[in-house]
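Worksheet: the structure to be examined is printed underneath.
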Amino acid sequence: MTSDAAILREALHAVAPGTPLREGLERIQRSHTGALIVLGYTPEVEALCSGGFDLDVPFTASRLRELSKMDGAVVIDTTNWSIRKANVQLMPDPSIPTDESGMRHRTAQRMARQIHLPVLSLSASMRIISIYVGSEHRLVEEPEALLSRANLAVDTLDRYSQRLDEVLQTLTILEMRDAATVRDVATVMQRMEMIRRITSEINQYLEELGSDGRLLALQVEDLVRGSASERALVMRDYAHDQGDVARVEAELTTLGSDRIVDLSAIANVLGLGVFEIADLDREVQPRGIRALSLVPHLSWNIIKEVSSRWSTLSQLRSASVEELQKVEGVGPYRAKIIHENLLHQSHMARAGLVGW
Ligand SMILES: Nc1ncnc2c1ncn2[C@@H]1O[C@H](COP(=O)(O)OP(=O)(O)OP(=O)(O)O)[C@@H](O)[C@H]1O
């Protein structure tokens, strides 16, 4: 079953600026009237409606405004965006608790708690749009306020991305010198997880911003391009058990905000066995999967095959062209490219130059 929070998120998306529903709500606000709108038409909703009249007309912003001029609620079938009822009295169970004041908002909250569908309430006096689903409640924010918070979050994402670039470059150089430590790996994973978190927050803003968030969406896309696959590569390089990457991903995602600052906790999610602070300075070897991903023209299957033959990047780097050729799917040409590219990466790293 879809959770109330997920339904609320969808509803926020449906009322985002630029959508027909938002246009209808803005028209109602401009005419200084209020509205009570149920987003969903089910037998349960039908049973809680009294009076008014039945309709089956396509939803338009102007129809919503006209129908909201009348007393009572409007019911919209969101499966085909048609208006099904207008001028109806909603009769949710009066024993359902509500902390709202004013009959419109109290009815909206009770109704939402009973049917677990979005119910919108527009106050005539305060120009506020509220959405209720189950016990969830959100005010629909003005685009300007949302946009300024989203911009702040994008600035943060930008700073986090720069910092990730730095720590990832350090890790790359240390990997080539066989000197990476648990701390370096955990620091990269920490930065990547922080980027994932702020990106998911921004995506929620973007959903609510609708067409007003288009430019910002492009900027975010630019900042996070390739970051999810890079994160998976680092995990595959260092997770104690390579088959465990899905668990690592899930645990990292749910790590509380107090624990995400703790490098030991992150290292332990990767299975790197940190029992005391000094363990963070233990050297670790990558499997070489990220380094192989930088070699041109290598398919994922070949990367997996090659990396499974040698247990560490340094062993892989010392493999000769002849040895590489013994791997299924690797011919003389590919073997040479792998060999030369890994050496090239190593030389660049030794010279302190990365980003090939
Ligand atoms: N149970 C209900 N079913 C349908 N419509 C209702 C219901 N309760 C209130 N309303 C609608 O809300 C309108 C305003 O009601 P009321 O003045 O009691 O609420 P309010 O919250 O004080 O108003 P506002 O939100 O505009 O400040 C009513 O005229 C009616 O159209």
Side-chain angles (χ1 to χ4, degrees), residues 4 7-8 10-17 19-146 208:
D4 291 340
I7 299 174
L8 176 68
E10 267 178 44
L12 284 166
H13 192 45
V15 299
T19 58
L21 181 55
R22 181 58 166 261
E23 199 192 322
L25 299 176
E26 281 167 359
R27 285 181 190 214
I28 296 169
Q29 281 184 319
R30 279 200 294 275
S31 61
H32 301 287
T33 50
L36 184 58
I37 301 162
V38 180
L39 290 184
Y41 180 56
T42 61
E44 200 185 1
V45 172
E46 174 73 53
L48 299 175
C49 290
S50 164
F53 51 90
D54 293 336
L55 294 157
D56 192 359
V57 291
F59 175 90
T60 65
S62 58
R63 275 196 188 122
L64 180 67
R65 180 194 172 280
E66 290 306 319
L67 293 170
S68 298
K69 279 184 189 163
M70 290 181 282
D71 253 5
V74 172
V75 177
I76 297 170
D77 183 349
T78 49
T79 55
N80 60 357
W81 284 94
S82 59
I83 301 178
R84 298 303 304 257
K85 280 179 178 291
N87 188 220
V88 288
Q89 174 83 14
L90 298 177
M91 299 190 305
D93 180 351
S95 67
I96 294 175
T98 165
D99 44 28
E100 294 292 350
S101 59
M103 275 322 290
R104 197 188 329 252
H105 283 69
R106 290 171 76 79
T107 304
Q109 192 172 43
R110 284 197 173 116
M111 192 73 188
R113 285 186 168 168
Q114 190 163 350
I115 62 176
H116 296 272
L117 288 173
V119 182
L120 306 185
S121 169
L122 256 90
S123 144
S125 45
M126 291 190 292
R127 292 178 54 88
I128 288 176
I129 308 172
S130 293
I131 306 188
Y132 302 87
V133 182
S135 44
E136 304 276 339
H137 171 216
R138 277 284 298 275
L139 291 181
V140 176
E141 290 192 71
E142 291 297 322
E144 296 74 28
L146 259 182
E208 289 179 49

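First listed ligand is number 1; within each ligand, the first listed atom is number 1. Remember, it's a predicted structure, so these values are computed and weren't measured experimentally. Side-chain atoms are counted along with the backbone in the values below, which use heavy atoms only and exclude waters and symmetry mates.
A salt bridge between R110 and E100 is absent, with no side-chain N of the basic residue lying under 4.0 Å from a carboxylate O of the acidic one.
Between the side chain of N87 and the backbone N or O of D71, at least one donor-acceptor pair lies under 3.5 Å. Within the 3.5 Å criterion, the main-chain N or O of A14 finds a donor-acceptor partner in the side chain of T19.
The 4.0 Å heavy-atom shell around ligand 1 contains residues L36, D71, G72, A73, V88, Q89, L90, G102, M103, R104, H105, T107, S123, A124, S125, ordered by chain and number.
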Next on the checklist: What verdict does the side-chain contact (heavy atoms from CB on, under 4.5 Å) test give for T98 and I96, after you've listed the backbone C-alpha separation in whole Å, the side-chain angles of each residue and the deciding distance to 0.1 Å?
Outcome noted: CA-CA 7 Å; T98 165; I96 294 175; over 6 Å; no
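Ring geometry for H105 versus Y132: interplanar angle over 60°, hence perpendicular rather than tilted (30 to 60°).
Shown here are the side-chain hydrogen bond (donor to acceptor under 3.5 Å, both in side chains) partners of R113, two or more places apart in sequence or in another chain: there are none.
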